[in-house]
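Here is the structure we will look at.
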Amino acid sequence: MNFVPLRTRALASGQTLHVSDAGQFFAGSDAFVSRALGDQLSLDDMAFLERHGHSIRTEDRLGIAAHAYNVAKRLTRADELDYLILVPTLRCNLSCSYCQVSRAAISHKGFDWTEECLAKVLHLIDQLSTSRIKVEFQGGEPTLRPDLIESVIERCGRFDEAQFVICTNLHVLGAAQWQLFDRPNLYISTSLDGDMVTHARQRTGTETGLFEANLRAVIERYGPSKVSALPTIDPNDPPDIDNVIDTYTGLGLTSIFLRPINYQGFARKRHSDSRNAHTGWTNYHRSFVKRLIERNWRDRSQVLDETYLSICLRRIFHPGAERHVDLRNPNPMAVDYLVVDYDGRLYPTDEARMLSRSGVIDLSLGEVGQDWRGEKWRQLNAHATNQFDEACSRCTYQPFCGRDIVDDLARYGTLDVPRTDTAFCQRHLSLFDFIFELIYDEDPATRYSLCRWLRLDAETMPLGELHS
Amino acid sequence: MTQAIVDLEGASKSSATLAATWMGRFYPGIEVELGQQSVTIRSAYHGAQQLGRMWRAALLNEQLLESSANPRHSILEALLK
């Protein structure tokens, strides 16, 4: 008797995608599907399935063990806390229309870490058993308190490897900020909403010139590899695709991480129509990626990519290599990363912090200095997998997909919504459909971009197995 | 609106029922109606041939899930315990 751990889905191209629980895949013809349904597989069919590990004899213990190993490689291993998101201040000098947190005005008191809170954060860092750490400073605008950031960075000196990211609007650039940015292990992340006109409308208004000058200044001083800029896109009113690409490439930035407006925080109040903007987003994203493919093929001097699509692609082809916390399975909460807010409250994710601040549900896990692994933490983690859900267990893309319970709570106020009804599922089903359309696209331009995004040496090559 | 009627051709009742249920959830813009001998699929976005392919993929998916349920469960249990 054979064990065939495959799941199947019809592709728009006319083939049927077959994906094993270990994430290995092939596209089968309709004739093959009919033979499989009729229990009339040919010797060639069976040899193909066995050769690729898609059909394993149940008495083949080595084959079963190899399959189990490959399934395990797809599962997230979260061992120790080594990633902190720190919010030293909630104050901000801007008031963007879809700021994802309830920010505080720059002049307000009581929205920065106190001395006591800083001491507890430093103590938390002292307690970590990891040899490498990543710290992301969020806000508010964290550069308003360079002194707090310096304290944390200095305390991380004992780690073998330490990497820091400051998420900043780049409006405050004095001597203290430049001194911070000069650190070679510190990276700058900012927002650039497509073109400067859109950015001005959505974020910076009359101060856009200052932002643009500062962005150019940091890129000129450090090069584009130290700086990332992310656009937040309104799917109902997206910027022109070529304008976005031209703006980014004009700054030397080749990776563009398109993000739809996140339905949380102030965005929840001001852009309620973004809740159901799935189709608009999908169309825009697909058109954007196709445009990148065209431009990459036309001009081989640089490779442009859409970051999230590249992450999904690598989840298909490089299991275990990607540690993007928004797309992983299981998605353990407050195990390998943790958020400390301006008031010392702990959260499992930055989105959970926003959700708590916007009054939807309190997902705080306690105070820094206390053990956060209590009942709420256990309950969150009990649901942090896609492994046993009745929809996910049927889904062809389950080995590549993830679980985002905070997004479900943000949108529906409950985890009990059927998975296929959630925005997370619909977005990723559509995204993986698109990616497999690209994988089986024979156009050399598409293959060229996919090879670059997967960091392959080959100029172009077919990436998906076929069986007729 | 395109309509495809596919003969169930000896598919088990349980697999066909599950396939009909899940097909409507996994493929946006599809309506599926299961009869005794056939399944009727309607969509404004897909041609009849593609609807037939979707049905066969959904049915095969259910058959594979049913036939591999036990070893799948054992493997996951061993990995996650």
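Residue numbering restarts at 1 for every chain, and letters A, B, ... go by the order of the sequence lines. All values below come from the heavy atoms of this structure, side chains included, with hydrogens, waters and symmetry mates left out.
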Residues, nucleotides or ligands: over 12 heavy atoms within 6.0 Å of H318(A) NE2: yes
Options R394(A), R419(A), Q426(A), ranked by heavy-atom pairs under 4.5 Å with chain B, top entry: R394(A)
Chain B interface, residue from C395(A), A391(A), C425(A) that has the most non-hydrogen pairs under 4.5 Å: A391(A)
Spacing of CD1 belonging to I64(A) relative to OG belonging to S74(B), to within rounding of 0.5 Å: 9.0 Å
Exceeds 12 heavy-atom contacts within 6.0 angstrom, atom CG of D79(A): yes
Distance in Å, L79(B) CG paired with L75(A) CG, rounded so as to fall on 0.5 Å steps: 6.5 Å
Heavy atoms from other residues, nucleotides or ligands near CG of D39(A) exceed 12 (cutoff 6.0 Å): no
Nearest-0.5 Å distance, CG of residue L76(B) to OG1 of residue T385(A): 8.5 Å
Enclosure of Q3(B) CD (heavy-atom neighbours >12, cutoff 6.0 Å): yes
Whether over 12 other heavy atoms sit under 6.0 Å from E59(A) CD: yes
Nearest atoms (heavy-atom pairs only) where A57(B) meets A10(A): CB-N, 3.6 Å
Proximal component of L429(A), with respect to chain B [non-hydrogen, under 4.5 Å]: side chain
Shortest non-hydrogen contact between I75(B) and A68(A), atoms and distance: CG2-CB, 3.9 Å
Heavy atoms from other residues, nucleotides or ligands near CZ of R61(A) exceed 12 (cutoff 6.0 Å): no
Side-chain heavy atoms of L60(B) within contact of H18(A), under 4.5 Å: yes
Straight-line distance of R9(A) CZ to N61(B) CG, nearest 0.5 Å: 10.0 Å
OG1-CZ distance between T16(A) and R56(B), expressed to the nearest 0.5 angstrom: 8.0 Å
Spatial distance of atom OG1 (T8(A)) from atom CZ (R53(B)) [nearest 0.5 Å]: 14.0 Å
Backbone N/O of S13(A) and side chain of Q50(B): donor-acceptor pair under 3.5 Å: no
Residues of residues 9-29 of chain B with any heavy atom under 4.5 Å of a heavy atom in chain A: L18(B), W22(B), R25(B), F26(B), Y27(B)
